[in-house]
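Below you'll find the structure, written out as structure tokens, and then a few comments.
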Amino acid sequence: MNWPNDADGDVFRRMEISGFDFSKETLVDFNIDFDHWPITDSEYEYVKKLYPDCQFFGNNESGYAQFQISGLLTYKMVTSMQKLVSDEVAKVGGVCESWGVMQD
């Protein structure tokens, strides 16, 4: 396959080399990073309203939120989701620039 020459394309190339099966649905983890931490209660509630199954991880100095989407893993799906989420969480200082899947 031919993916763009960017960070997401690099991940897809590594996954292809390792034998990932792109024809099967998989759970994709998307991470939301924030420009400040901890986030406020209202920021937490805003993100939870958008992504009810979102989980939050962190300590007093840094943290992030994570949610999962199930589907066929494609470059378009990943980049579209990152843009959508980043646009939605920008008002609370969030951005979605990282993702991952569990591989066998």
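Few gaps surround CG on D35; more than 12 heavy atoms of other groups in view lie less than 6.0 Å from it.
Y64 is not connected to I32 by any chain of hydrophobic side-chain contacts under 4.5 Å among Ile, Leu, Val, Met, Phe, Trp and Tyr, and they are in different clusters. Each of V95 and I69 belongs to its own hydrophobic cluster when Ile, Leu, Val, Met, Phe, Trp and Tyr are linked at side-chain heavy-atom distances under 4.5 angstrom.
The side-chain heavy atoms of F12 and F20, taken from C-beta on, include no pair separated by under 4.5 Å. Counting heavy atoms from C-beta on, the side chains of V92 and V47 come closer than 4.5 Å. When side chains are defined from C-beta on, V101 does not count as touching L27, because their heavy atoms never get closer than 4.5 Å. Contact of the V28 side chain with the Q68 side chain is not registered, since no non-hydrogen atoms from C-beta on lie closer than 4.5 Å.
In this structure, D29 has no salt bridge (charged side-chain N to carboxylate O under 4.0 Å, His left out) partners at least two apart in sequence or on a different chain. Scored by the side chain to side chain donor-acceptor pair (under 3.5 Å) test, Q66 finds N31 as partners (sequence neighbours excluded). Contacts of E25 classified as side-chain contact (heavy atoms from CB on, under 4.5 Å), with partners at least two apart in sequence or in another chain: S70, L72. Judged as a side-chain contact (heavy atoms from CB on, under 4.5 Å), and not counting sequence neighbours, the contacts of T74 are K76, M77.
Note that CD1 of I39 and CZ of F34 are 4.5 Å apart. Values are rounded to the nearest 0.5 Å. Considering SG of C96 and CZ of F30, their distance stands at 6.0 Å, rounded to 0.5 Å. To the nearest 0.5 Å, atom OG1 of residue T79 and atom CG of residue L84 are 11.5 Å apart.
One side chain, E43 or T40, offers a donor N or O that lies under 3.5 Å from an acceptor on the other.
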Would you list the atom pairs, donor with acceptor, under 3.5 Å between side chains in residues 49-58 and any protein atom, with sequence neighbours excluded?
{"residue": "Y51", "atom": "OH", "partner": "E88", "partner atom": "OE1", "Å": "2.3"}

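Between Y44 and Y46, a ring centre-to-centre spacing not shorter than 6.0 Å is recorded.
Residue pairs meeting the side-chain hydrogen bond (donor to acceptor under 3.5 Å, both in side chains) criterion with at least one member in residues 1-15, sequence neighbours excluded, are D6-Y75, D8-W99, D10-R13.
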Q) Can you check side chain to side chain contact (heavy atoms under 4.5 Å, CB included) on M102 and T26, steps first, answer last? A) CA-CA 8 Å; M102 294 299 291; T26 189; over 6 Å; no
